[in-house]
Amino acid sequence: MNKNIKYSLFLALATPLFTSCLQEYLPTNGVTQEQVDEGDKTSLADAVPAYLNTYSENDAYDIGFAGFNIWRDSSTADMPVYDPTYSYYSYVQTCSWLGSNWALQQTIWLRYYALIQKTNLVLQAVNPDEYPDDITPAGRAYAFRANAYMELGQWYEYKRTGIAGFDNKAEADGIIGMTVPIVTEKTTEIESRNNPRVPYYKLYRFVLSDLNAAEKCFHATPEPTSKINPGLGVTYGLQARLWLLLGTRFELHPEELSTTLAHEDDQDIPFDKLGISSAKDCFVKAAEYARKAINTGYSPLSETQWFDPKNGFNTINNAWMWANVITTNDGLASNLVWQSWVSYMAPEAAYGTACTDYNGYRMIDARLFSQISDSDWRKTTWIAPEDVADQNAFNTKYARGLSIGYDTWKGFQAYAGFKFHPANGECTTSTVGNAVSIPMMRVEEMYLIEAEAIGRSAGEAAGRALLESFMNSFRTTDGSYKSTGSGIDGFINDLFTQKRIEFWGEGLILWDYKRLEKAIVRGYPGTNFPEQHRYNSLPNYVAPWSTLCIPVSEQNFNPAVILNPDPSHEGFYDLWTE
């Protein structure tokens with residue numbers, strides 16, 4: 001691979017919105033009966049998970065939904081990149097070019113709504129009440145759609161940032177607490193052209209309705225043999241995520257609980273009612289569904305599985321509940337080389353931008369790494385500063401989890417992450433190495449949701465006991481982990497730290513940053529973030545760059561949509577400096 005074939009980050013970012021070659025429906029377009037009539041139900045249903053791997057060769061960051069994982073983790077304080085030249089996700093770290101007129105904003109928006117449109121096509125075509133064979137595709141469509149809207153809501157809802165220039169404009173525009181337009185299988189073309197963003201309480205009741213429908217379907221069907229599709233366990237997991245999200249929201253902002261309950265009987269919200277009266281009720285439900293998901297039949301990864309250089313974090317196993325699967329027939333493996341998940345996230349791949357030829361490898365935040373106990377076997381996922389280029393350390397601590405030798409490994413610097421591997425450890429042939437699976441839900445998340453939800457509903461001590469049990473049963477070598485943070489807030493911080501470590505690189509932790517209103521801090525003494533990425537958000541607010549802009553193309557089609565403020569830093573916040 002020649003560096004000259006990779007266009008610069010500046011040129012990639014300077015591409016205007018409408019140069020993107022996405023050939024997809026606008027998000028608020030309704031589906032037509034002709035489309036439904038021409039498609040068989042099996043093909044329609046199979047097209048939903050397959051769509052996760054749709055990509056465009058014109059934009060280096062566009063590797064389908066896998067790329068959105070990288071975007072989300074790059075938005076946090078957890079995943080610095082050693083050399084941003086070949087990162088392709090640095091704009092969210094430089095906090096520049098984040099407005100509504102850029103190609104990336106259109107890519108994310110259109111991809112999610114195109115996925116939703118595919119679920120709507122399935123739901124138009126099936127009739128599970130009359131045809132038993134329709135139950136499974138209906139359940140899958142409901143679950144996929146619920147997840148898509150839950151992620152859209154978390155990414156696009158405007159929440160206060162603590163920065164007056166953003167918050168005052170959002171308040172004047174009336175978009176604080178507003179999420180995204182809802183498009184269902186019943187949305188008409190006329191309705192789609194006047195389809196405003198809905199408030200959070202309406203969106204999450206819609207999500208709950210879809211999850212309840214999916215659960216009803218899956219009670220009548222066995223768990224799927226392929227984890228590319230959701231089943232009952234995944235639906236329980238999505239319920240756990242939803243109730244934890246709502247419980248935290250209502251605990252932090254009781255006025256939003258009051259607003260939600262005041263709209264429970266609104267005639268224009270034809271979705272399932274929440275049926276709760278307090279934040280505690282939500283946490284009880286989160287714990288209940290997390291335990292149901294665990295009991296569906298999954299178990300956490302072992303140390304051997306985690307560090308398997310051939311199959312570790314690239315192959316479905318007993319811990320993975322839901323996965324995005326890239327096969328050798330997918331264009332992401334067969335057509336692309338350095339523009340791929342493995343290229344960006346697996347430093348062992350010699351053809352990737354994360355290798356030492358280009359140094360675009362991802363690291364763990366230095367301060368987060370310092371919080372990993374030496375008895376926590378996950379620690380050697382990343383190179384400790386004292387072990388850089390140390391051959392004895394390589395032989396005794398790192399070699400077991402790698403398909404590269406010391407001469408290659410010694411070129412990586414402190415905190416470099418080796419969690420993800422090319423398929424079968426194939427580091428030179430991209431058509432093999434790029435054909436990996438990527439987790440969308442793991443059972444470990446359910447253990448940690450349960451611990452947090454129990455801690456918030458049944459008492460801090462009960463939650464701590466569950467967190468300590470998880471860590472000492474599954475993540476430490478000597479059973480020495482103790483949650484020592486003071487009070488309930490200290491316990492939540494301890495749990496949040498473990499989630500940051502456990503799910504590094506998987507695209508999940510941004511939701512927790514936003515849910516808990518945690519500051520994203522990249523600038524501090526001893527940071528390993530590049531200088532141009534050292535932006536810090538304010539505590540008890542949402543980082544401005546973590547809320548996406550709706551593309552202006554959507555507003556052109558659907559004038560009822562009001563856009564979010566451009567969260568770019570210019571004139572609003574500054575880089576941290578020593």
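Excluded from the calculations below are hydrogen atoms, water molecules and symmetry mates; all remaining heavy atoms, backbone and side chain alike, are included.
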- Query: Yes or no on side chain to side chain contact (heavy atoms under 4.5 Å, CB included) for Phe496 and Leu516, after CA distance, side-chain angles and deciding distance?
  - Reply: CA-CA 9 Å; Phe496 179 55; Leu516 297 167; 3.9 Å; yes
- Given the rule in the salt bridge (Lys or Arg N to Asp or Glu O under 4.0 Å) test, do Arg111 and Asp62 qualify, once you have shown the distances and angles that lead to the verdict? CA-CA 11 Å; Arg111 285 280 161 72; Asp62 186 5; 2.7 Å; yes
Measure across [X] and [Y] and return the closest heavy-atom pair with its distance rounded to 0.1 Å.
X	Y	result
Ser90	Val81	OG-CG1, 4.4 Å
Asn536	Gly523	OD1-N, 2.8 Å
Ala290	Ile449	CB-CG2, 4.0 Å
Arg193	Glu189	NE-OE2, 3.1 Å
Trp576	Thr527	CZ3-CG2, 4.3 Å
Ile550	Tyr156	CG1-CD2, 3.7 Å

- Verdict with supporting geometry, Glu264 and Arg205, side chain to side chain contact (heavy atoms under 4.5 Å, CB included): CA-CA 9 Å; Glu264 189 84 336; Arg205 279 180 57 185; 4.1 Å; yes
- Message: So Ile562 and Met178, do their side chains get closer than 4.5 Å, heavy atoms only?
- Response: no
- Task: Using a 4.5 Å cut-off on heavy atoms from C-beta on, say whether the side chain of Trp155 contacts that of Leu510.
- Result: yes
- Asp512/Arg515 ion pair, N-O < 4.0 Å: yes
Sidechain-backbone polar pair: [X] side chain, [Y] backbone, donor-acceptor under 3.5 Å:
X	Y	result
Asn558	Asn195	yes
Ser340	Leu336	no
Glu251	Ala279	no

Excluding sequence neighbours, so at least two apart, what forms side-chain hydrogen bond (donor to acceptor under 3.5 Å, both in side chains) with [X]?
X	result
Asn540	none
Thr119	none
Arg442	Glu444, Glu502, Glu506
Arg72	Asn69, Tyr112

- Message: Out of the candidates Ile182, Leu152, Val180, Thr184, only one should pair with Ile116 under the side-chain contact (heavy atoms from CB on, under 4.5 Å) rule; please name it.
- Response: Leu152
Please tell me whether [X] and [Y] form a close aromatic pair, meaning their ring centres lie under 6.0 Å apart.
X	Y	value
Tyr204	Tyr149	no
Tyr86	Trp338	no
Trp322	Phe144	yes
Phe420	Phe313	yes

- Quick check: are there more than 12 heavy atoms from other residues, nucleotides or ligands sitting under 6.0 Å from CD of Glu531? no
- Atom OH of Tyr82: over 12 foreign heavy atoms under 6.0 Å: no
Qualifying salt bridge (charged side-chain N to carboxylate O under 4.0 Å, His left out) pairs with a residue from [range], counting only residues at least two apart or across chains:
range	answer
residues 567-578	none
residues 237-250	Glu157-Arg249, Arg241-Glu445, Arg249-Glu256
residues 538-547	none

- Over 60° means perpendicular and under 30° means parallel, so classify the ring planes of His263 and Tyr201, tilted if in between. parallel
- Query: Relative to each other, are the rings of Tyr573 and His569 parallel, tilted or perpendicular (30° and 60° limits)?
  - Reply: perpendicular
Side chains of residues 167-176: which donor-acceptor partners sit under 3.5 Å, not counting sequence neighbours?
{"residue": "Asp167", "atom": "OD1", "partner": "Tyr158", "partner atom": "OH", "Å": "2.6"}
{"residue": "Asp167", "atom": "OD1", "partner": "Thr161", "partner atom": "N", "Å": "2.9"}
{"residue": "Asp167", "atom": "OD1", "partner": "Thr161", "partner atom": "OG1", "Å": "3.0"}
{"residue": "Asp167", "atom": "OD2", "partner": "Thr161", "partner atom": "N", "Å": "3.2"}
{"residue": "Asp167", "atom": "OD2", "partner": "Gly162", "partner atom": "N", "Å": "2.9"}
{"residue": "Asn168", "atom": "ND2", "partner": "Ala164", "partner atom": "O", "Å": "3.3"}
{"residue": "Lys169", "atom": "NZ", "partner": "Asp173", "partner atom": "OD2", "Å": "3.0"}

Under 3.5 Å, sequence neighbours excluded: what are the donor-acceptor pairs made by side chains of residues 360-370?
{"residue": "Tyr361", "atom": "OH", "partner": "Gln413", "partner atom": "N", "Å": "3.0"}
{"residue": "Arg362", "atom": "NH1", "partner": "Tyr344", "partner atom": "O", "Å": "3.2"}
{"residue": "Arg362", "atom": "NH1", "partner": "Gly360", "partner atom": "O", "Å": "3.3"}
{"residue": "Arg362", "atom": "NH2", "partner": "Ser87", "partner atom": "O", "Å": "3.2"}
{"residue": "Arg362", "atom": "NH2", "partner": "Ser87", "partner atom": "OG", "Å": "3.0"}
{"residue": "Asp365", "atom": "OD1", "partner": "Tyr524", "partner atom": "OH", "Å": "2.6"}
{"residue": "Asp365", "atom": "OD2", "partner": "Arg367", "partner atom": "N", "Å": "3.3"}
{"residue": "Asp365", "atom": "OD2", "partner": "Leu368", "partner atom": "N", "Å": "3.0"}
{"residue": "Ser370", "atom": "OG", "partner": "Arg367", "partner atom": "O", "Å": "2.6"}

Please name all residues satisfying side chain to side chain contact (heavy atoms under 4.5 Å, CB included) with [X], sequence neighbours left out, ordered by chain then number.
X	value
Ala543	Ile520, Ser537, Trp545, Ser546
Thr547	Lys514, Val542, Asn564
Ser278	Lys280, Asp281

- Item | Residue pair Arg456, Thr248: steps toward the side chain to side chain contact (heavy atoms under 4.5 Å, CB included) verdict | CA-CA 9 Å; Arg456 290 183 185 272; Thr248 309; 4.2 Å; yes
- Query: Do Lys518 and Tyr513 meet the cation-pi criteria used here (NZ or CZ under 6.0 Å from the six-membered ring centre, within 45° of the axis)?
  - Reply: no
- Evaluate the side chain to side chain donor-acceptor pair (under 3.5 Å) criterion for residues Arg197 and Thr179: first the C-alpha distance (whole Å), next the side-chain angles of each, then the deciding distance (0.1 Å), finally the verdict. CA-CA 6 Å; Arg197 302 167 67 172; Thr179 60; over 6 Å; no
- Dump the intermediate steps for side chain to side chain donor-acceptor pair (under 3.5 Å) on Arg534 and Gln93, then the final yes or no. CA-CA 8 Å; Arg534 295 173 185 175; Gln93 294 177 317; over 6 Å; no
- Task: Applying side chain to side chain contact (heavy atoms under 4.5 Å, CB included), run through Tyr200 and Thr260 and close with a yes or a no.
- Result: CA-CA 9 Å; Tyr200 61 88; Thr260 300; 3.4 Å; yes
- side chain to side chain donor-acceptor pair (under 3.5 Å) between Asn120 and Arg145: does it pass, once the steps are laid out? CA-CA 8 Å; Asn120 287 339; Arg145 189 169 72 175; 2.7 Å; yes
